[in-house]
Visitor: 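Can you read through this structure? Questions will come right after.
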Amino acid sequence: MAFLELDQLSAFYGKAQALHNVSLSVASGEIIAIVGANGAGKSTLLDSIMGLTRVTGQIRLEEKSLIGLSAAGIVRSGVGYAPERFNLFPYMTVRDNLLVGAYTARNNVSDNIAVVHKLFPRLQERANQETSTQSGGERQMVSLGRALMTSPRLLLVDEPTIGLAPKVCNEIAVALKRMRDELGATIVITEQNANFAMTLAERLYVLESGVVKAEGTVDELRNDERLTAAYFGH
Ligand SMILES: Nc1ncnc2c1ncn2[C@@H]1O[C@H](COP(=O)(O)OP(=O)(O)O)[C@@H](O)[C@H]1O
Ligand SMILES: [Mg+2]
């Protein structure tokens, strides 16, 4: 049984269609990556799972349809989202940004904060720092930490490495693997950085102009020209 299933999903902004009949299936405990160039539809795909776009088709989490639920309802169903842009409150502290993420938390807030601090000790050291004064890597940690505040079973992460140095990308990869291994989360990331996606994910979907062009394991796609084409764009 698929944990997350998208069936013939199309997404629209007004009359413009950004996703075309996207079907994908994620097993419980998998880490998968949606890889594609700028404008391919990666953010739209994650926004659509969160109920933030107008869609046709089907989205199911453990066989239950998410279509028609509010974003808050989707969070309550067990989905956490670390979006790419404009996601932190810059003049609030690390701690307050984490607390904002807890607004629909099902579990104890202090337990969740402890989980986040265990994954990212630096956020505990910097709890009182405004996020506007943090590095890009630290802000990404706050963003991931905030998504964890609702104890998600499915974690969606939009371009976790954008603008980050290779060493920091490694730290993010280690943290995401721990979220799967220690917290049991199933993880969907998007990436323009195909190399990073291949070091982290077990399977890839290649998205181009809102269409899935290829899918397979990292080994199956490593030398696939469709991956290279999506990576460099057209
Ligand atoms: N809010 C929006 N309104 C209209 N068009 C949008 C909006 N957001 C994205 N798009 C369009 O949808 C397509 C996919 O964008 P996006 O999902 O942001 O791609 P990616 O995240 O892969 O860079 C692009 O053509 C983009 O211009
Ligand atoms: Mg995007």
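Here the structure is a predicted model, which is why all the values come from computation and not from measurement. One-based numbering, in listed order, for ligands and for the atoms of each.
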Visitor: Heavy atoms only: which of Leu45, Leu19, Thr44, Asn38 lies closest to atom 17 (O) of ligand 1?
Guide: Thr44
Visitor: Tell me which one of Gln17, Lys42, Glu191, Glu208 gets a heavy atom nearest to atom 22 (O) of ligand 1.
Guide: Lys42
Visitor: For residues 19-27, dump all side-chain donor-acceptor pairs below 3.5 Å to protein atoms at least two apart in sequence or in another chain.
Guide:
from	atom 1	to	atom 2	distance (Å)
His20	ND1	Gln17	NE2	3.3
Ser23	OG	Gln8	N	2.9

Visitor: Classify the contact between Ala16 and ligand 1 as side chain, backbone, both or neither, using a heavy-atom distance cut-off of under 4.0 Å.
Guide: neither
Visitor: Please collect all side-chain hydrogen bond (donor to acceptor under 3.5 Å, both in side chains) contacts where either partner lies in residues 167-177, sequence neighbours excluded, each pair once.
Guide: Arg122-Glu171
Visitor: Measure the distances from the heavy atoms of Gly36 to every atom of ligand 1 and state whether one is below 4.0 angstrom.
Guide: no
Visitor: Salt bridge or not for Glu84 and Lys42, using N-O below 4.0 Å?
Guide: no
Visitor: Tell me which part of Ser43 gets within contact of ligand 1: side chain, backbone, both or neither, using heavy atoms under 4.0 Å.
Guide: both
Visitor: Would you name the heavy atoms of Leu227 and Val206 that are closest together and state the gap between them?
Guide: CD1-CG2, 3.8 Å
Visitor: Determine whether any heavy atom of Gly14 lies closer than 4.0 Å to an atom of ligand 1.
Guide: no
Visitor: Which residue from Ala11, Gly39, Ala37 reaches closest to atom 14 (C) of ligand 1 through any of its heavy atoms?
Guide: Gly39
Visitor: Do Thr190 and Asp158 get their side chains close enough for a donor-acceptor pair, meaning under 3.5 Å?
Guide: yes
